[in-house]
Amino acid sequence: MIRTVGIVGAGTMGAQIGALFASIGVDVWLLDLTPQLSKQSVDRMRKMRPDPFYTPDAAARIRTGGFDQHFDALSECDWIIEAVVERADIKRPLLERIDKVRRPGTIVSTNTSGLSVTALAEGRSEDFRRHWLGTHFFNPPRYLRLIEIIPTPATDADVLARVQAYADLRLGKGVVVAKDTPNFIANHIGVHGVFRVLDALATGRYTIEEIDAMTGPAIGRPKSATFRTLDIAGIDIFAHVARTLAETLTDPDARRAFEPPPLVQELIARGWIGEKAGQGFYKRVKGPGGQSQILVLDPATMDYRPSQRVSLPALEAARAIEDPGPRLRTLFLAKDRVGDFTRATLGSSLLYAAQVAPDIAHGIDDVDRAMRWGFGWDIGPFEILDQIGVGTVLGAVPHASAPVLAQKVLDAGRDRFRQGALPPAGPGLEILRTAREQSRVVKQNAGASLIDLGDGVLGVEFHSKMNALGGDAIEMLHAGTAEAARNFRALVVGNESVNFSAGANLMLLLMEAQEGNWDEIDMMVRAFQGATAALKYADVPVVVAPVGLAIGGGCEVVLHGDRVQAAAETYLGLVEVGVGLIPAGGGTKEMLIRCLESRPPGSQADLLPFVQRAFETIAFGKVAASGPDAKRMGYLRSTDAITMNRDRLIADAKTRALARAAEGYQPPARPMAIPVGGENVRAALSLGVHLARRGDRISDHDALIGRKLAWILAGGSVPHATTVSEQHVLDLEREAFISLCGEPKTLERIGHTLKTGKTLRN
């Protein structure tokens, strides 16, 4: 049992590792040279965005201290993590001190990103070495899923298994066991790839903007691509990691491949080391009218210039291919500058991964998972090789000799490492994908599918772009509840995408509103209200399993489940006000019900404070920062649960659904009577809207939306406190929604969001 964790070193990584443990309810001792330094780290984290804590109160679990005064506190800890600067001469004395104060049996690990884990423990006691290993978290620890665990020859097998299980189940990590080699797996391959990109930049054939366009989402990588990522991470940090790797490699050719080029050395000499210095490959300045402007470095002159529009036809054509594998193959085979760049950079990196994989990893699956989880790749290097073809890559990229792994594939008469997709990392992981691959699809259309999850559980999976909810998805929700009632014991609504659902299909809504098709919009809203009601009153238990964004209509689906099994990284919110609307799929009604549930049973207490909470949640478009935060805000109930590892989410939801069925599930009784406050509550809410407008805190259109929301939450035209039916509130929702669709400023907001992805406050 891990009750208390000690973190030695309160720098960026150490402090945020402590924040992750505190967020899951573990007490943390955070130590640094002085108590002041540790406390300053916690204070900085409280202000950081994105937030390293799941909830604001998690920071209270961290106790801070200094090495001199509080080192003995480590004797209270069940796991001690060393996270000081990457220098063996600093780490070893601290580990000696830890060895003297730790209890026998206490796990000790290092967060080193590249030093030999085995060598760091030399001279330590036998019990220390049996409980010693590397645990390499990636930055930021809360959001990047990868943890590389590095055992030594002396590490006890049971200790390794315990840490693996804890990282998976409690920390929510994707776990890869790596060999104790320089920079382990992800950094080794990732840094090599960056150096090949820097080589391409040095040729002068490509601008920084062009390279970032070619190394971002187009090839299945994060939006920050190459040079923006370097600026964020710190060019000096990148150079240090590369230097550490080069110094520990024995092959002279391999060492030369990691020598920082003159441009990187010049940037470091000038102090232009990225975002923390205000400039690196990019520089943000104030433009005309005080607007922020991004400048980009010209390596030839070392001056900054305005960013230029990138025009690469092959890249634009490839972006239309949704599947990352075929898209990468298209780019790799392109007969232009894009193809030349892709072959020189990505192609070289793929062959390097195949060359070093046997030395750094226990198998190619671990390499692919490490790059997916640690560097945000859509597909790993061996998956890419399989998509392009091993022989094709070897034929297109200059190489001294084929990597042994690649040659074995060709000698076997194949062109792929795997015959199928990268398998799940273990039992209980990605069970929805497994069911789909086993052809257990019951029914499907363009927006969603019904999938047999086994053991009498049916799944509804959304699969439109951003899992936006249109008529197809709504139809499948209706079909899912009906099919589950006929042939299954329970229903799970969820998917294994990045986001559960970004809400309603706004493009379809905008088109109908611009044409004045009010009957069509009325039918759309009624269908959605009917689908969410079908979930709530289904004959079998419905467990909704959100992950990532679950906003707008996606949040409304979540609110209507019998139970919710949410991923820790779930961002729930009723955000319709941002596009000039109100929640009309039952979300306004459900948030009112949830806030009223906090009234003491049988209480005659004033309704206003509880209704006010629902009003503010919807009117301000509040979004929960995590699954635990969603509980704090009322989007999740106390009976709902959190899954740390998102790959286990559907399996956990299925288990929950079966448990509800075994309990003898009965759907809620209908009709439900909802307390409303009538004129007094409406007047109080409307007064707040009026004062906010007079104070210029909201726009006229915000005020209009606020008054309509107050009308719904107060029960409409009822004169005094009473109860109304759910259908009454649903009718009020629908009427307000349709009327707002007729407002020009609402259409402006919807259009702006569709064009920019941002909200407009007009």
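Computation of the quantities below employed the complete heavy-atom set of this structure, encompassing side-chain atoms and omitting hydrogens, waters and symmetry-equivalent molecules.
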request  = Show the numbers, then the answer: is there a side-chain hydrogen bond (donor to acceptor under 3.5 Å, both in side chains) between Ser125 and Asp99?
outcome  = CA-CA 7 Å; Ser125 67; Asp99 197 1; 2.9 Å; yes

request  = Kindly indicate, with the supporting measurements, whether the criterion side-chain contact (heavy atoms from CB on, under 4.5 Å) is fulfilled by Arg369 and Leu422.
outcome  = CA-CA 9 Å; Arg369 293 184 186 117; Leu422 173 68; 4.0 Å; yes

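- Nearest heavy-atom pair, Gln164 versus Val177, reported as atom, atom and distance to 0.1 Å: NE2-CG2, 3.5 Å.
- Note on Arg145 versus Asp168: no salt bridge recorded, every NZ/NE/NH1/NH2 to OD/OE distance being 4.0 Å or above.
- Salt-bridge check for Arg130 with Asp127: passed, with a basic side-chain N closer than 4.0 Å to an acidic carboxylate O.
- Rounding to the nearest 0.5 angstrom, the gap separating the CD1 atom in Ile268 from the NE2 atom in His240 is 11.5 Å.
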query = Between Val296 and Phe281, is a side-chain contact (heavy atoms from CB on, under 4.5 Å) present by the stated rule, with each step listed?
reply = CA-CA 6 Å; Val296 63; Phe281 290 102; 6.0 Å; no

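- Smallest separation of non-hydrogen atoms from Cys77 and Val5: SG-C, 3.8 Å.
- Listed for the Asp378 side chain is no donor-acceptor partner under 3.5 Å among the backbone atoms of Pro324.
- Considering only heavy atoms from C-beta on, Leu263 comes within 4.5 Å of Met302 through its side chain.
- With respect to the salt-bridge test (charged N to carboxylate O, under 4.0 angstrom), the residues Glu569 and Arg646 do not qualify.
- When side chains are defined from C-beta on, Trp377 does not count as touching Glu383, because their heavy atoms never get closer than 4.5 Å.
- Panel note: side chain Asp368, backbone Phe382; a donor-acceptor pair is recorded below 3.5 Å.
- Side-chain contact check for Thr229 and Ser224: at least one donor-acceptor pair (N or O, by modelled atom type) lies under 3.5 Å.
- Contact detail for Leu312 and Val310: the closest heavy-atom pair is CD1-CG1, 3.6 Å.
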ask   = How far apart are the C-alpha atoms of Glu86 and Thr112, what are their side-chain angles, what is the distance that settles it, and do they pass the side-chain hydrogen bond (donor to acceptor under 3.5 Å, both in side chains) test?
value = CA-CA 6 Å; Glu86 284 287 279; Thr112 180; 2.9 Å; yes

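- Here Arg205 does not pair with Glu210 in a salt bridge; the nearest charged N to carboxylate O distance is not below 4.0 Å.
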key: salt bridge (charged side-chain N to carboxylate O under 4.0 Å, His left out) between Glu247 and Arg243, intermediate numbers included   = CA-CA 6 Å; Glu247 289 172 353; Arg243 193 178 306 113; 5.2 Å; no

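- A cation-pi arrangement, defined by a distance under 6.0 Å to the six-membered ring centre and an angle within 45 degrees of its axis, is present between Arg97 and Phe71.
- Side-chain contact, Ser41 with Ser38: no donor N or O sits under 3.5 Å from an acceptor N or O.
- The 12-atom threshold is not exceeded at NZ of Lys408, counting heavy atoms of other residues, nucleotides or ligands nearer than 6.0 Å.
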request  = Apply salt bridge (charged side-chain N to carboxylate O under 4.0 Å, His left out) to the pair Asp251 and Arg256, showing each step before the final yes or no.
outcome  = CA-CA 9 Å; Asp251 183 346; Arg256 281 192 291 274; over 6 Å; no

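- With hydrogens and angles ignored, the 3.5 Å screen pairs no side-chain donor or acceptor of Asp647 with any backbone N or O of Leu429.
- Between Asp366 and Lys179 there is no salt bridge, since no side-chain nitrogen of the basic residue lies less than 4.0 Å from a carboxylate oxygen of the acidic one.
- Between the side chain of Glu148 and the backbone N or O of Val175, no donor-acceptor pair lies under 3.5 Å.
- Under the 4.5 Å side-chain criterion, counting only non-hydrogen atoms from C-beta, Gln16 is in contact with Asn139.
- The shortest distance between side-chain heavy atoms of Val409 and Arg416 does not fall below 4.5 Å.
- Geometrically, Arg124 does not engage Trp132 in a cation-pi contact, judged by NZ or CZ lying under 6.0 Å from the ring centre and within 45° of the ring axis.
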From CA spacing to verdict: salt bridge (charged side-chain N to carboxylate O under 4.0 Å, His left out), Asp386, Arg329 = CA-CA 10 Å; Asp386 283 350; Arg329 179 178 170 82; over 6 Å; no

task = Under the salt bridge (charged side-chain N to carboxylate O under 4.0 Å, His left out) rule, what do Arg418 and Asp365 come out as? Steps first, then yes or no, please.
result = CA-CA 10 Å; Arg418 302 185 190 91; Asp365 291 356; 2.9 Å; yes

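- Side-chain N or O atoms of Asp180 include one that pairs as donor or acceptor with a backbone N or O of Thr118 at under 3.5 Å.
- Here the straight-line distance linking atom CZ of Phe341 with atom OG1 of Thr215 works out to 5.5 Å at 0.5 Å rounding.
- Between the side chains of Thr135 and Ser109, at least one donor N or O sits under 3.5 Å from an acceptor N or O.
- Using a 4.0 Å cut-off between a side-chain N of Lys or Arg and a carboxylate O of Asp or Glu, Asp89 and Arg92 do not qualify as a salt bridge.
- Taking the side chain as every heavy atom from C-beta outward, Leu201 and Phe227 approach each other to under 4.5 Å.
- Close placement of the Phe195 and Phe238 rings is indicated, their centers lying within 6.0 Å of each other.
- Between the side chain of Ser348 and the backbone N or O of Thr345, no donor-acceptor pair lies under 3.5 Å.
- Ion pairing between Glu122 and Arg129 fails under the 4.0 Å rule for side-chain N and carboxylate O.
- Counting heavy atoms from C-beta on, the side chains of Thr244 and Pro182 never come closer than 4.5 Å.
- In this pair, His192 and Tyr352 present their aromatic rings parallel. The plane angle is below 30°, not in the 30 to 60° band.
- Between Tyr166 and Phe21, the two ring planes are parallel [angle under 30°; tilted spans 30° to 60°].
- Rounded to the nearest 0.5 Å, atoms CD1 (Ile388) and CG (Leu333) are 7.0 Å apart.
- Residues Leu20 and Leu171 are in side-chain contact: their nearest non-hydrogen atoms beyond the backbone lie under 4.5 Å apart.
- The aromatic rings of His136 and Phe184 are tilted relative to each other, their planes meeting at an angle between 30° and 60°.
- In this structure, Leu133 and Ile107 have side chains that are in contact, with non-hydrogen atoms separated by less than 4.5 Å.
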query = How far apart are the C-alpha atoms of Thr181 and Asp359, what are their side-chain angles, what is the distance that settles it, and do they pass the side-chain hydrogen bond (donor to acceptor under 3.5 Å, both in side chains) test?
reply = CA-CA 8 Å; Thr181 58; Asp359 297 324; over 6 Å; no

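- No salt bridge links Glu259 with Arg255; every basic N to acidic carboxylate O contact stays at or beyond 4.0 Å.
- The closest donor-acceptor contact from the side chain of Asp323 to the backbone of Gly325 lies under 3.5 Å.
- Ion pairing between Arg196 and Asp199 holds under the 4.0 Å rule for side-chain N and carboxylate O.
- Thr110 and Glu82 share a side-chain donor-acceptor pair at under 3.5 Å.
- Checking side-chain atoms of Lys223 against main-chain N and O of Gly216 turns up no donor-acceptor pair under 3.5 Å.
- Of the charged side-chain nitrogens involved, at least one lies within less than 4.0 Å of a carboxylate oxygen, so that Asp78 and Arg103 count as a salt-bridged pair.
- Between Asp340 and Tyr206, the side chains place no donor N or O within less than 3.5 Å of an acceptor N or O (distance only, hydrogens not considered).
- To the nearest 0.5 Å, atoms CH2 (Trp79) and OG1 (Thr106) are separated by 12.5 Å.
- Pairing each heavy atom of Val390 with each of Ala406, the nearest pair is CG1-CB, 3.9 Å.
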